[in-house]
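These numbers come from a predicted model, not from an experiment. For reference, positions follow the sequence shown, starting with 1.
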Amino acid sequence: MKFQTTVPVVALLGIASSHTIFTQLTVGSTTNGIGVGIRIPSYDGPITDVNSNYIACNGGPNPTTASPKVIDVQAGTTVKARWRHTQESTASDVIDAGHKGPVMAYLKKVSNAATDPGYGSGWFKISEAGFTNPSGQYLLRAELIALHGARTSGGAQFYMECAQINITGGTGSKTPATVSLPGAYRATDPGIMLDIYQGLKSYTIPGMLMGNGV
């Protein structure tokens with residue numbers, strides 16, 4: 001499976017925003033409907049507490065609606081996360097380009113993607129180049145972090161949703177290193193608490209290092 005996003009990125013460092021929702025998942029040439037196979041929230045607000053269970057798949061202040069759909073993904077297929085300002089927004093209203101931050105994606109192998117709560121251990125970061133994963137059900141967590149207010153602890157804004165997917169035809173056999181959500185981030189991590197307006201010359205993307213494939 002190869003992951004892409006409709007948000008422009010360069011080496012996963014790109015434009016993030018202060019209010020946005022991962023609304024649709026495109027698998028190959030097929031774009032699923034809004035909220036199909038995604039735990040979509042009713043509000044486009046952020047999660048700011050990195051120690052909250054909601055850092056995994058959203059919820060809490062942004063109540064999510066469960067989806068009974070698990071989307072089939074053939075191994076090797078490109079999947080694309082589509083972001084919009086709100087569920088009703090058009091393609092021209094994705095995010096406010098005034099805020100910047102990293103764009104990332106994680107997977108978690110689960111027994112039932114429709115019911116697993118998401119939080120806890122088992123998450124691994126996937127690169128834009130893609131992975132060959134073992135067949136089975138996964139949660140695909142797409143995330144944007146807005147850093148315009150990140151000068152102080154708790155100022156970074158996390159936007160994420162989890163898509164429910166079933167990978168078929170996978171041949172991977174290696175077990176990737178994993179992290180827990182919450183647990184992968186600290187409020188004072190150098191990629192989470194910083195002033196992006198003070199001559200930033202380099203940036204450390206938060207969370208675990210991206211793997212090279214499993």
Side-chain angles (χ1 to χ4, degrees), residues 1-14 21-40 55-58 64-84 91 94 102-145 159-181 183-184 205-214:
M1 188 190 79
K2 300 176 181 178
F3 176 81
Q4 294 181 347
T5 174
T6 55
V7 178
V9 295
V10 178
L12 293 185
L13 181 62
I21 301 174
F22 166 28
T23 59
Q24 294 173 278
L25 187 71
T26 296
V27 179
S29 60
T30 301
T31 298
N32 292 275
I34 293 175
V36 173
I38 301 174
R39 303 170 184 188
I40 200 166
I55 201 70
C57 291
N58 211 339
T64 56
T65 300
S67 173
K69 176 71 173 178
V70 177
I71 301 171
D72 287 330
V73 178
Q74 179 68 29
T77 302
T78 296
V79 298
K80 181 181 292 186
R82 294 182 177 272
W83 298 81
R84 296 291 183 266
V94 179
V103 182
M104 294 175 280
Y106 289 78
L107 281 178
K108 178 180 181 178
K109 185 97 166 52
V110 296
S111 59
N112 188 327
T115 60
D116 191 278
Y119 54 80
S121 61
W123 290 100
F124 57 98
K125 188 182 289 185
I126 58 174
S127 71
E128 193 175 22
F131 280 77
T132 302
N133 296 97
S135 296
Q137 295 197 12
Y138 292 80
L139 294 177
L140 168 61
R141 177 182 180 273
E143 176 183 47
L144 304 174
I145 306 178
Y159 297 88
M160 81 301 295
E161 275 74 49
C162 288
Q164 304 163 176
I165 65 173
N166 178 51
I167 295 179
T168 60
T171 59
S173 59
K174 295 181 180 179
T175 302
T178 63
V179 294
S180 179
L181 288 169
I205 294 178
M208 68 184 302
L209 296 175
M210 288 181 292
N212 295 316
V214 295

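The shortest heavy-atom contact between Phe124 and Ala177 is CB-O, 3.3 Å. The nearest pair of heavy atoms linking Ala184 to Val179 is CB-CG2, 3.8 Å.
A heavy-atom distance below 4.5 Å is found between the side chains of Pro206 and Ile145. Between Met160 and Asn58, some side-chain heavy-atom pair lies under the 4.5 Å cut-off.
For residues 161-171, no residue pair satisfies the salt bridge (Lys or Arg N to Asp or Glu O under 4.0 Å) rule, not counting sequence neighbours. Pairs engaging residues 26-35 under the side-chain hydrogen bond (donor to acceptor under 3.5 Å, both in side chains) rule: Thr26-Thr31, Thr26-Arg82 [sequence neighbours left out].
Of the possible donor and acceptor atoms, one in the side chain of Arg141 sits under 3.5 Å from a partner among the backbone N and O of Ala56.
With sequence neighbours left out, Tyr106 forms a side chain to side chain donor-acceptor pair (under 3.5 Å) with Tyr185. Contacts of Ser180 classified as side chain to side chain donor-acceptor pair (under 3.5 Å), with partners at least two apart in sequence or in another chain: none. Applying the side chain to side chain contact (heavy atoms under 4.5 Å, CB included) test to Lys69 and every residue at least two apart in sequence or in another chain returns Val36, Ser67, Ile71. Qualifying side chain to side chain contact (heavy atoms under 4.5 Å, CB included) partners for Asp72, counting only residues two or more places apart in sequence or in other chains: Asn166. Here Phe22 pairs with Trp83 under the ring-ring contact (aromatic ring centres under 6.0 Å, His included) rule; sequence neighbours left out.
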In a table with atom names and distances, give each donor-acceptor pair under 3.5 Å that connects a side chain of residues 110-119 to protein atoms at least two apart or in another chain.
| residue | atom | partner | partner atom | Å |
| --- | --- | --- | --- | --- |
| Asn112 | OD1 | Ala114 | N | 2.9 |
| Asn112 | OD1 | Thr115 | N | 3.4 |
| Asp116 | OD1 | Gly118 | N | 2.9 |

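Taking NZ of Lys125 as the start and CG of Leu107 as the end, the distance is 13.0 Å to the nearest 0.5 Å. Put simply, CG on Leu181 and CD on Glu143 are 7.5 Å apart, with the number rounded to the nearest 0.5 Å. Here Ile55 contributes atom CD1 and Trp123 contributes atom CH2; the two are 11.5 Å apart, rounded to the nearest 0.5 Å. One finds the CD1 atom of Ile40 at 12.5 Å from the SG atom of Cys162 (value rounded to the nearest 0.5 Å). Atom CD in Gln137 sits 9.5 Å away from atom CD1 in Ile165 (nearest 0.5 Å). Rounded to the nearest 0.5 Å, atoms CD (Gln74) and CD1 (Ile167) are 10.0 Å apart.
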Practice problem: Quick one: do Ile38 and Thr23 satisfy side-chain contact (heavy atoms from CB on, under 4.5 Å)? Show the steps, please. | Solution: CA-CA 7 Å; Ile38 301 174; Thr23 59; 5.9 Å; no
Quiz prompt | Candidate pair Arg39 and Leu139, rule side-chain contact (heavy atoms from CB on, under 4.5 Å), full reasoning | solution = CA-CA 10 Å; Arg39 303 170 184 188; Leu139 294 177; 3.5 Å; yes
